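Structure, as structure tokens:
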There are 2 protein chains.
Amino acid sequence: MNEVSQKELEGTLTQTKTLAGKVYESIKAEIIRGELSQGSKIVESELAFKYGISRGPLREAIHRLEQMKLILRVPHAGSRVVTLDIKTMHDIYTAREALEGMAARLAARHMSDEAIVSLQNLLDTHEQVISESDGKTYLQEEGNIDFHHRIASASQNQWILENLNGELYQLIRMCRYQSGQQPTRPAKALAQHRQIAFAIEQRDEELAELLMRRHISGAWKIVKTILELQND
Amino acid sequence: MNEVSQKELEGTLTQTKTLAGKVYESIKAEIIRGELSQGSKIVESELAFKYGISRGPLREAIHRLEQMKLILRVPHAGSRVVTLDIKTMHDIYTAREALEGMAARLAARHMSDEAIVSLQNLLDTHEQVISESDGKTYLQEEGNIDFHHRIASASQNQWILENLNGELYQLIRMCRYQSGQQPTRPAKALAQHRQIAFAIEQRDEELAELLMRRHISGAWKIVKTILELQND
DNA sequence: ATTCATATAATTGTTAACAATAAAGGGAAA
DNA sequence: TTTCCCTTTATTGTTAACAATTATATGAAT
């Protein structure tokens with residue numbers, strides 16, 4: 001295990017001022033990238049030494065990771081990195097379907113006309129990227145997230161926004177990263193995004209929610225297939 | 001500010017073994033009961049003295065309260081008890097509508113036949129309590145919670161279950177307690193519960209979700225009226 | 001009187017040592 | 001050899017002192 005220098009800790013644009021915050025971001029990234037493997041044990045003194053800090057702020061970082069459900073902690077027995085089995089991921093996608101469906105409904109209700117135009121411009125950009133790179137559609141993945149981020153923001157519901165962009169997003173990113181998922185049929189996803197955006201433009205709450213739920217439900221089926229292949 | 005004795009800390013059936021866990025439960029109860037008033041500042045050293053512990057475990061308790069969204073923390077500037085304004089409560093009820101609607105759908109899919117019978121027996125008990133006490137329908141409130149708990153459990157979705165029974169439940173309880181809400185038309189609520197239970201029995205996922213969402217949406221309208229009256 | 005700067009106090013963030021608990025290992029008895 | 005108990009070790013929980021930061025108050029200059 002290597003130590004981490006102070007400069008590395010700063011990382012890319014960490015706006016947290018406390019040690020606990022910085023180390024939290026670092027460990028979170030390690031878990032998502034799989035450098036701390038699923039189910040592996042977290043020993044406080046080891047990590048504290050690795051990051052060159054004392055156990056105090058490290059413990060705070062661990063608590064925050066526990067809150068994000070990235071690690072599992074049991075009193076007096078330590079912590080382990082979460083294990084993303086199929087059942088867990090299914091639960092997460094189902095919760096996401098409920099919340100993001102509602103977010104789409106709220107977006108259809110609250111999104112400003114300018115924001116809707118901007119959303120459709122974003123989709124135009126995605127279309128260009130897809131047609132241009134034709135195979136290297138990696139960027140689409142980030143763009144995909146961007147679309148869902150905008151819907152969540154437009155819901156203007158703080159609770160839903162925080163949970164979609166926080167806990168659920170991190171876990172899905174971790175699963176996606178570690179299973180090496182390719183962007184799944186970007187053209188099809190784009191078409192669905194356009195449908196949703198259209199429903200929002202029409203202020204059709206019912207349809208916006210329905211389409212978003214189908215979209216996420218479809219995404220889960222693909223993820224499920226990938227995960228099942230890997231577990232055999 | 002009074003100190004709290006060790007025995008009081010034990011409280012009613014606290015199964016947590018750590019100081020941080022016990023103090024977390026105590027402070028949580030104080031916040032929900034309004035003894036720590038909304039928006040008031042949390043000073044670590046004061047609370048640590050009050051509970052007779054050091055700032056270490058107290059800070060852990062505060063982190064957990066922050067996670068439950070019962071307090072708001074800003075680095076280097078301390079923590080404040082959350083303020084449950086109408087917008088916040090609306091967000092919470094909307095999120096609950098999405099999640100508990102999905103939970104009802106999943107319950108219709110997964111709940112065992114025995115569990116369904118047991119659920120209907122629970123509603124029979126509620127009916128008796130309502131007809132007997134006729135005015136003192138306080139118990140109905142707990143029973144109401146009981147019903148919603150069972151639906152959440154029957155969903156067999158860990159993420160949804162934890163969020164409904166954790167964060168959202170605590171905040172709604174806090175709002176209910178501090179606004180002195182009476183049980184709202186228990187007979188009507190019971191009728192709606194019966195409808196939902198019936199839909200689940202029929203394995204009608206669509207209907208179960210629809211009815212649960214209406215039920216919660218209706219509850220919000222009543223809560224909203226109460227809150228608006230108090231803020232004038 | 002008002003505003004800005006400085007100094008003071010209050011509060012949070014961090015550290016390292018200490019205590020308590022649970023896991024691991026070794027030895028004796030069956 | 002296996003099982004149980006005891007001892008040892010490793011790890012987490014807790015404490016109190018220290019450092020860093022922010023808020024408050026005081027006073028001088030405009």
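Per chain, numbering begins at 1; letters A, B, ... match sequence-line order. Note that the structure is predicted; figures quoted are calculated from it, not measured.
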- Given C:dA23, is OP1 or OP2 found less than 4.0 Å from the side-chain N or O atoms of A:K41? no

- Between B:Y169 and B:H149, does the ring centroid distance fall short of 6.0 Å? yes

- Query: Within this structure, what is the CD-to-C1' distance between B:E60 and C:dT12, rounded to whole angstrom?
  - Reply: 17 Å

- Figure out the NE2/P separation between B:H63 and C:dT12, and round it to whole Å. 12 Å

- Message: Regarding B:G78, tell me which of base, sugar-phosphate or nothing describes its non-hydrogen contacts under 4.0 Å with the strands shown.
- Response: sugar-phosphate

- Message: Side chains of B:T94 and B:D91 only: does a donor on one sit below 3.5 Å from an acceptor on the other?
- Response: no

- Message: Starting the side chain at C-beta, find the nucleotide from C:dT14, D:dT15, D:dG13 nearest to B:P57.
- Response: D:dT15

- Of A:A77 and B:P75, whose nearest nucleotide on DNA chain C comes first from the 5' end? B:P75

- Under 4.0 angstrom, heavy atoms only, what part of the nucleic acid is B:I42 near: base, sugar-phosphate, or nothing? sugar-phosphate

- Task: Scan side-chain atoms only and decide if B:Q178 and B:Q38 contain a donor-acceptor pair under the 3.5 Å cut-off.
- Result: yes

- Name the closest nucleotide to the A:R73 side chain, picking from C:dT11, D:dA23, D:dG13. D:dG13

- Query: In whole Å, what is the span from the CD1 atom of A:I53 to the C1' atom of C:dT15?
  - Reply: 11 Å

- Rounded to whole Å, CG of B:L19 lies from P of C:dC18 at a distance of 20 Å

- D:dT12 C1' sits how many Å from A:L47 CG, rounded? 14 Å

- Item | From D:dT15, C:dT15, D:dG13, nucleotide with atom closest to B:T18 side chain | D:dG13

- Query: Where the side chain of B:R59 is defined as all heavy atoms beyond and including C-beta, which of C:dT15, C:dG13, D:dT14 is the nearest nucleotide?
  - Reply: C:dG13

- Note on the structure: For A:E167 and A:Q67, the nearest pair of non-hydrogen atoms, with its separation, is OE1-O, 3.6 Å

- Message: Can you measure A:R80 atom CZ to C:dA23 atom P for me and round it to whole angstrom units?
- Response: 11 Å

- Query: Toward the 5' end of DNA chain C, which comes first, A:H76 or B:S45, by nearest nucleotide?
  - Reply: B:S45

- Query: Any idea which heavy atoms bring A:E44 and A:L58 closest together, and the distance?
  - Reply: O-CD2, 3.2 Å

- Protein-nucleotide distance (A:L58, atom CG; C:dG13, atom C1'), rounded to Å: 14 Å

- Query: B:I62 has an atom CD1; how far is it from atom P of C:dG13, in whole Å?
  - Reply: 9 Å

- Message: Checking contacts here: which listed nucleotide (D:dT14, D:dT12, C:dG13) is nearest the side-chain heavy atoms of B:E44?
- Response: C:dG13

- Phosphate oxygens OP1/OP2 of C:dA16: is one of them under 4.0 Å from a side-chain N or O of A:R55? no

